[in-house]
Number of protein chains: 2
Amino acid sequence: MPHTMESICRKLHSSDYRITPQRQTILKVFIENASKHLSAEEIYYLVKEKHPEVSLATVYRTLDLLAELGILQKMNFNDGRSRYEFTEQDNQHLHHHHHMICLRCGKVTEFEDILLDSLEDVIAKRTNFKIVDHHVKFFGFCENCRRQ
Amino acid sequence: MPHTMESICRKLHSSDYRITPQRQTILKVFIENASKHLSAEEIYYLVKEKHPEVSLATVYRTLDLLAELGILQKMNFNDGRSRYEFTEQDNQHLHHHHHMICLRCGKVTEFEDILLDSLEDVIAKRTNFKIVDHHVKFFGFCENCRRQ
DNA sequence: TTTGATGCAAATGGTTTGCATCGGG
DNA sequence: CCCGATGCAAACCATTTGCATCAAA
């Protein structure tokens, strides 16, 4: 179930949050750039193109709210700002994908995980932690940058 | 080969960096608390106990320098500040260990990886990235916090 | 003696917040 | 209408930097 304007607005509404034009605009930009791991400021500038009156504070507050509702996740790619992406989940499970970050150009590529869930089990048993999530990042050089 | 005051000072010297009392004090604190993933400010306060004249800027500059020399690594545990730990490596390979972070008390536990290197190969082939490092973090609840 | 290292204070940059106002429900 | 949401500017907080001074080599 992908995130749509409609499903998110329904969730906002059912959680007693108002559906304001600012939130709609921010959501629209976010949906249109779903794969890009945008930062708050990047979202702000995209929003401003069509709605210059929206403030950066509102972008931050909206992103915080959406993260709190579990609609999106705040990510850290060690570039000094937070980036956001949609939480992907099917009925009961978080759908994990991970990230490959190019150390030269900063490009972030996603990939699906196949082995991590079993690793999670092993670790859980060994450490006695109750594991609820994992983050995996690979750092290296993308195809494009390797050619130069 | 664990990091010792001597080995690090040798490295500083051979890289033409000066061995100052401030750097020695910071190193000492870091070595004595090697397992704790301290932040710059935490190191600063520990250093200040014995050497109140050392400034926070010097702590940051020293940590940056040590990271640049590959002696330690800057880590991000999503708590709003960078934390540092020794790079562990045997002769040619980075020695990967990963982290389990308790969402309740913030405790960071390390564990060794066994499966990740093969996953790295799979990903490298699939994405055409030249992978040079990976970060893996598990989030959950530690044994202690689970009992409460 | 030379030049890198330091302390201090000010600057930076991402993010948060107080407050008066606005407007969705 | 009411209270949550917004815009603005100021505050915050980790980190960085400019600069005069100090001291390792």
Side-chain angles (χ1 to χ4, degrees), chain A residues 5 8-29 37-48 50-69 71-84 106, chain B residues 5 8-29 37-48 50-69 71-84 106:
Chain A
M5 186 72 87
I8 299 169
C9 286
R10 208 182 303 130
K11 185 141 189 176
L12 279 174
H13 185 256
S14 70
S15 310
D16 278 324
Y17 290 109
R18 294 184 183 166
I19 295 161
T20 64
Q22 289 91 334
R23 286 179 178 166
Q24 285 178 297
T25 307
I26 292 165
L27 270 173
K28 190 148 173 290
V29 163
H37 307 94
L38 297 176
S39 68
E41 217 185 5
E42 287 165 347
I43 293 166
Y44 172 60
Y45 284 120
L46 290 172
V47 166
K48 262 179 83 128
K50 302 203 172 157
H51 299 266
E53 72 284 1
V54 176
S55 78
L56 183 54
T58 297
V59 173
Y60 273 108
R61 286 190 275 232
T62 301
L63 293 171
D64 277 359
L65 175 60
L66 295 174
E68 212 163 281
L69 290 176
I71 293 166
L72 49 81
Q73 272 184 285
K74 199 186 263 198
M75 315 251 83
N76 191 307
F77 296 125
N78 305 326
D79 65 346
R81 71 210 66 207
S82 292
R83 298 183 168 279
Y84 299 81
Chain B
M5 186 72 87
I8 299 169
C9 286
R10 207 182 305 131
K11 184 141 189 176
L12 278 175
H13 185 256
S14 70
S15 310
D16 278 323
Y17 290 109
R18 293 181 183 169
I19 294 161
T20 64
Q22 289 91 333
R23 286 180 177 164
Q24 285 177 297
T25 307
I26 292 165
L27 270 172
K28 191 148 172 290
V29 164
H37 306 95
L38 297 177
S39 68
E41 215 184 5
E42 287 164 348
I43 293 166
Y44 172 61
Y45 284 120
L46 289 173
V47 166
K48 261 179 82 127
K50 303 202 171 157
H51 300 266
E53 71 284 1
V54 176
S55 76
L56 183 53
T58 296
V59 173
Y60 274 108
R61 285 189 276 231
T62 301
L63 294 172
D64 277 359
L65 174 61
L66 295 173
E68 210 163 285
L69 291 176
I71 292 164
L72 48 81
Q73 272 184 286
K74 198 186 263 198
M75 314 250 83
N76 190 306
F77 297 125
N78 304 326
D79 66 345
R81 72 210 64 209
S82 291
R83 298 183 168 279
Y84 299 81

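Below, chain A is the first sequence line, B the second, and so on; all start at residue 1.
- Between the CG atom of D16(B) and the P atom of dT2(C) there is a distance of 18 Å, given to the nearest Å.
- Going from atom CD1 of I43(A) over to atom C1' of dG14(C) covers 14 Å, rounded to whole Å.
- Taking 4.0 angstrom as the limit, S82(A) places a side-chain polar atom (N or O) nearer than this to OP1 or OP2 of dT15(C).
- Here the C1' atom of nucleotide dA14(D) and the CG atom of D79(B) are 11 Å apart, to the nearest Å.
- Within the 4.0 Å cut-off from OP1 or OP2 of dG23(C), not a single side-chain nitrogen or oxygen of T20(A) is found.
- The side chain of Q22(A) places an N or O atom within less than 4.0 Å of a non-bridging phosphate oxygen (OP1 or OP2) of dG7(D).
- Put simply, the side chain of R61(B) and the base of dT6(C) share no donor and acceptor less than 3.5 Å apart.
- In this structure, S55(B) and Y44(B) approach most closely via the heavy-atom pair C-CE1, 3.7 Å.
- Mapping H13(B) and S39(B) onto DNA chain D by nearest heavy atom places S39(B) at the nucleotide closer to the 5' end.
- Distance E53(A) CD to dG23(C) C1': 14 Å, rounded to the nearest Å.
- Note: CD (E68(A)) to P (dG4(D)) measures 14 Å, nearest angstrom.
- Listed here is the closest heavy atom pair of Y84(A) and A40(A): CE1-N, 4.0 Å.
- Side-chain contact between L12(B) and I71(B) is absent, with no heavy-atom pair separated by less than 4.5 Å.
- The interatomic distance linking Y60(B) (OH) with dT16(D) (C1') rounds to 9 Å, in whole Å.
- Distances were taken from every side-chain heavy atom of L56(A) (C-beta onward) to each of dG18(D), dA25(D), dT15(C); the shortest belongs to dT15(C).
- The distance from atom CG of D64(B) to atom C1' of dT6(C) is 15 Å, rounded to the nearest whole Å.
- For R81(A), the side-chain atoms get nearest to dG14(C) when compared with the rest of dT16(D), dG14(C), dG7(C).
- One cannot find a donor-acceptor pair under 3.5 Å joining the base of dG24(C) and the side-chain atoms of R23(A).
- Using a 4.5 Å cut-off on side-chain heavy atoms (C-beta onward), T58(B) and L56(B) make no contact.
- Contact detail for Q22(B) and V54(B): the closest heavy-atom pair is CG-CG2, 3.8 Å.
- In this structure, I26(B) places its CD1 atom 8 Å from P of dG7(C), rounding to the nearest Å.
- Interface remark: the R18(B) side chain does form a donor-acceptor pair with the dG4(C) base, using a distance-only criterion of under 3.5 Å.
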